[in-house]
Amino acid sequence: MIKYEPKTIEPKWQKKWLEEKTFSATNDTTKPKFYALVEFPYPSAQGLHVGHPRPYTGMDIVARKRRMQGYNVLYPIGWDAFGLPAENYAIKNHIHPATVTRENIDRFRKQIQALGISFDWDREINTTDPAYYKWTQWIFLQMFKKGLAYKKEMSVNWCTSCKVVLANEEVVNGVCERCGGEVTHKVKSQWMLKITEYASRLIDDLDGLDYIERVATSQKNWIGRSHGAEITFGTTAGDELQVYTTRPDTVFGATYMVISPEHAYLKKWAGLLANNNAIAAYQEEAAHKSDFERTELSKDKEKTGVKLEGVEALNPATGERIPIFISDYVLASYGTGAIMAVPGHDERDYAFAKKFGLPIIEVVAGGDIEKAAFTDCETGVMVNSGFLNGLAVEEAKKEITDWLLRNNKGEAKTNYKLRDWVFSRQRYWGEPIPMVWCETCGWVPVPEDQLPLELPHIEEFEPTAEGDSPLARHDEWVNTTCPHCGGPAKRETDTMPQWAGSSWYFLRYCDPHNTAQIAAPEALEYWMPVDWYNGGMEHTTLHLLYSRFWHKFLYDIGIVKTKEPYSKRTSHGMILGENGEKMSKSRGNVINPDVVVDEFGADTMRVYEMFVGDFEKAAPWNTSSIKGSRRFLDRVWSLQEMVLPSEDCRPEMEAPVHRAIKKVTQDIEQLKHNTAIATLMALLNDFLASGGVTRGEYKVLLHLLNPFAPHITEEIWEQMGFGAPISGQSWPVWQEDKTKEDTVEIVVQLNGKTRAHITVASNIGKEEAIALAKAEKAIAEGLQGKTIAKEIWVPGKLVNFAVKG
RNA sequence: GCCGGUGUGGUGGAAUGGCAGACACGAUGGACUCAAAAUCCAUUGGUAGCAAUAUCGUAUCGGUUCAAGUCCGAUCACCGGCACCA
């Protein structure tokens with residue numbers, strides 16, 4: 001027998017699969033379809049690291065098994081290649097992002113192909129390809145036409161030294177990551193997408209989907225639907241202040257108000273206010289903080305704020321005058337940018353009131369407001385609240401909301417934490433936003449027949465001194481004519497965020513070479529929705545939500561026929577470094593899969609990554625235990641020397657074989673690849689212990705192992721002369737009656753402690769089992785002189801006597 | 001801070017409320033070898049015992065149950081996300 005040499009057999013099969021298009025999906029509608037999707041990678045300059053193959057291999061196993069079960073499987077891959085790192089790399093090294101991106105993609109493709117993932121390489125896509133982003137731009141234009149894209153003044157991070165708009169990630173401890181310079185906020189006019197218009201549908205439509213619990217919960221919490229009321233407070237300035245609250249029942253306890261430092265009334269009221277200087281100073285201070293810092297409620301963080309001198313509010317319930325403060329814990333971006341403060345029943349308000357010596361009134365009895373805010377809605381009863389007194393919180397909410405409506409002082413309101421999507425980036429390496437500004441006509445879309453609006457080739461990637469995209473420097477590109485009136489006009493120079501290209505890529509895979517449409521309607525109808533989408537938890541809120549939003553929009557305009565893009569969503573855990581920390585270049589704990597493939601082979605790499613632990617949980621890499629996976633494959637290989645003459649399964653092997661088929665088949669569908677592999681290892685150990693393997697048994701083992709270790713199994717299959725490749729064969733089926741043994745071992749317990757084991761017929765009944773258990777010596781002794789309070793029988797497993805005395 | 005998650009031998013991990021530690025890695029001893037590597041065999045949660053066995057043991061404290069790693073409450077530690085990283 002020749003030695004197991006992954007280095008020769010792996011490239012052999014990879015070449016064959018590519019040449020024969022073994023894994024290319026066809027639009028064969030006679031077969032049931034299965035669309036498996038993994039998040040396409042950002043092709044970074046660092047190349048693939050061992051974290052990437054985990055989801056690819058995990059879904060590859062499902063895809064390969066489903067093909068053998070007769071499904072027409074679509075398992076595609078592509079490149080999410082626009083983005084900040086390529087641009088920053090370009091600025092630093094003076095290499096064009098397009099060049100860097102091309103090189104990175106070539107490297108990634110080579111690395112992934114060396115792993116034997118059954119991707120359909122005929123459908124590879126690339127978000128930076130104009131033929132692809134033509135449709136990203138097209139979708140944006142449709143949104144603009146439907147009023148879902150609009151311009152708004154938004155604040156961005158601004159490095160005062162580099163004069164660059166910074167991503168949040170580039171702001172480290174309040175200073176610029178590159179130069180350490182001071183970071184402030186700068187207001188820029190930005191394109192926004194109205195995702196909030198879809199907020200309720202994005203929550204409600206989760207119900208019919210098979211998303212793992214924590215993903216669905218995260219989506220719901222992120223959208224943050226709450227039911228409450230909008231209440232109108234009068235002011236001594238004559239203007240009305242709207243607040244949103246989820247606790248309208250506590251309005252009698254509102255002893256002051258807080259508005260965000262950015263609130264528009266501050267400007268309006270300047271003439272009435274005596275302390276404009278203090279207010280301006282506070283606004284300046286707040287401008288330096290992120291929303292994240294502002295809402296942080298750490299123990300040692302003191303609440304800050306400034307009282308407005310000269311304007312007071314009127315509590316609509318009590319009619320009393322109450323002070324108004326500005327404080328940074330109130331965000332302009334949530335609700336109305338103003339709150340009624342109820343220190344007795346809100347922790348932040350309580351801390352603020354204590355700091356500023358403001359009155360705290362108890363309006364819900366049940367806690368001790370001397371010590372802390374009482375926030376329990378379940379048990380509280382209303383007090384000090386006029387006509388609400390004596391009511392439970394939920395009743396009081398209804399009562400006060402009705403009262404507010406009758407008195408024209410407010411109404412019930414559903415609110416969302418979700419904010420509209422800031423869609424502009426002042427960067428080069430992204431899809432140009434296909435809009436033109438005309439002094440006469442305003443914002444005019446680039447006509448659809450002029451798409452794609454290609455990104456011009458430039459050599460200078462530094463943003464302008466005003467913080468505009470580097471595209472702004474290229475007058476010959478910027479200056480154009482208005483598509484509407486023909487007059488002089490300027491192109492939008494902002495580009496789209498990286499999220500854009502990944503918000504619809506799963507549709508393009510259905511028909512990736514179509515030049516006339518996103519994809520042919522028949523292709524979309526056949527393949528969509530994605531049957532199973534696996535991705536990282538880090539994409540649970542943003543990418544997943546953005547792509548669901550775009551899909552719903554495309555549904556509304558009739559492009560797709562399903563309301564949701566993904567039927568099922570699962571999530572894999574990260575591969576951590578050997579030290580248990582996240583793998584990163586800066587920590588120096590990155591493992592390159594090439595090294596593993598070179599030393600052990602791709603099949604070992606695949607088996608190890610799937611065996612390392614629960615697919616859904618993070619797992620630390622451990623180089624020294626990889627050899628266990630290699631040893632397993634070596635033993636499967638050397639089984640070739642132990643083949644017994646018989647074709648059939650030996651009688652004593654029927655139960656282990658059928659149980660293994662069942663276990664592996666079921667485990668794969670639950671992504672429990674680690675226990676599936678353990679089952680195969682145990683089956684192999686059974687074969688070795690029995691002195692060999694029959695041809696029939698060997699076939700089953702190779703078949704079940706094939707999705708995990710495709711190269712070695714195909715090679716052995718061929719060398720054994722088993723016929724056509726396994727990838728074209730049908731998946732084994734188990735027979736339930738053959739998985740069962742005739743006898744089972746039953747555990748006998750006294751008060752839950754194991755005291756004996758009995759071996760009985762597997763179909764034994766309760767009475768008989770209990771009688772046999774009582775006959776056991778250890779049990780009989782234990783029961784002596786005691787009363788049996790309860791006899792518990794778990795069929796086929798356990799007898800437990802609860803005894804007293 | 002807010003939201004979501006995790007915590008089991010020396011290590012990675014397994015366990016529909018029903019024998020905790022499957023399957024591996026490592027370690028120890030042995031076989032083979034001039035020797036080493038590789039391979040094969042045996043042992044391997046702690047404590048006591050020659051052993052049968054007993055007893056403790058799933059982050060901490062408490063609860064529910066005939067029975068808890070699993071369910072409930074509190075605490076601690078760690079990880080992911082927090083809207084311009086992807």
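Here is how names work: the chains are called A, B, and so on, in the same order as the sequence lines, proteins then strands, and each is numbered from 1.
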What distance, rounded to whole Å, do you find between the two [atom1] atoms, one in [N] and one in [M]?
N: B/G7; M: B/U16; atom1: P; value: 14 Å
N: B/G4; M: B/U75; atom1: P; value: 15 Å
N: B/U8; M: B/U60; atom1: P; value: 10 Å
N: B/A74; M: B/C2; atom1: P; value: 14 Å
N: B/A14; M: B/A24; atom1: P; value: 15 Å
N: B/A59; M: B/G13; atom1: P; value: 14 Å
N: B/G9; M: B/C25; atom1: C1'; value: 13 Å
N: B/A20; M: B/U58; atom1: P; value: 12 Å

- Message: Under a 4.0 Å threshold between the charged nitrogen and the carboxylate oxygen, would A/Glu39 count as salt-bridged to A/Arg569?
- Response: yes

- May I ask you to decide whether A/Lys151 forms a salt bridge with A/Glu492, counting only side-chain N to carboxylate O separations under 4.0 Å? yes

Length of the [atom1]-[atom2] vector between [X] and [N], whole Å:
X: A/Ile677; N: B/A24; atom1: CD1; atom2: C1'; result: 11 Å
X: A/Leu166; N: B/C85; atom1: CG; atom2: P; result: 10 Å
X: A/Phe801; N: B/C66; atom1: CZ; atom2: P; result: 16 Å
X: A/Phe632; N: B/A38; atom1: CZ; atom2: C1'; result: 19 Å
X: A/His52; N: B/A86; atom1: NE2; atom2: P; result: 13 Å

- Task: Determine whether any donor atom in the side chain of A/Asn221 lies under 3.5 Å from an acceptor atom in the base of B/C3, or the reverse, and answer yes or no.
- Result: no

- Item | Donor-acceptor pair present, A/Gln190 side chain and B/C84 base, under 3.5 Å | yes

Checking contacts here: which listed nucleotide ([options]) is nearest the side-chain heavy atoms of [X]?
X: A/Trp421; options: B/A86, B/A54, B/C84; value: B/C84
X: A/Thr217; options: B/C23, B/G81, B/G4; value: B/G4
X: A/Arg214; options: B/G18, B/C84, B/G5; value: B/G5
X: A/Ala802; options: B/A83, B/C66, B/C84; value: B/C66
X: A/His539; options: B/A86, B/G80, B/A83; value: B/A86
X: A/Lys617; options: B/A83, B/U6, B/A86; value: B/U6
X: A/Arg631; options: B/C85, B/C25, B/G13; value: B/C25
X: A/Phe611; options: B/C66, B/G12, B/C85; value: B/G12
X: A/Lys627; options: B/G80, B/C19, B/G26; value: B/G26
X: A/Thr675; options: B/G13, B/A14, B/G4; value: B/A14

Which part of the nucleic acid does [X] contact within heavy-atom distance under 4.0 Å: base, sugar-phosphate only, or nothing?
X: A/Tyr42; answer: sugar-phosphate
X: A/Arg635; answer: sugar-phosphate
X: A/Val156; answer: base
X: A/Val747; answer: base
X: A/Leu680; answer: nothing
X: A/Asn685; answer: sugar-phosphate
X: A/Ser629; answer: nothing
X: A/Glu791; answer: nothing

- Task: May I ask you to check whether A/Phe423 and A/Phe140 place their ring centres under 6.0 Å from each other?
- Result: yes

- Query: What about the rings of A/Tyr133 and A/Phe82, do their centers lie closer together than 6.0 Å?
  - Reply: yes

- Query: Taking it one step at a time, do A/Trp504 and A/Thr136 satisfy side chain to side chain donor-acceptor pair (under 3.5 Å)?
  - Reply: CA-CA 8 Å; A/Trp504 69 280; A/Thr136 313; 3.0 Å; yes

Around atom [atom1] of [X], are there more than 12 heavy atoms from other residues, nucleotides or ligands closer than 6.0 Å?
X: A/Lys186; atom1: NZ; value: yes
X: A/Tyr89; atom1: OH; value: no
X: A/Glu213; atom1: CD; value: no

- Query: Are A/Asn674 and B/A14 close enough that a side-chain N or O sits under 4.0 Å from OP1 or OP2?
  - Reply: yes

- Message: Give the dot-bracket line for RNA chain B from 5' end to 3' end: parentheses for intra-strand Watson-Crick or G-U pairs under 3.5 Å, square brackets for crossings, | for inter-strand pairing, dots for unpaired.
- Response: (((((((..(((.....[....)))((((((.......))))))((((....))))..(((((..]....))))))))))))....

- Between the side chains of A/Ser226 and A/Asn415, does any donor sit under 3.5 Å from an acceptor? no

- Any donor-acceptor N or O pair under 3.5 Å, side chains A/Arg548, A/Gln219: yes

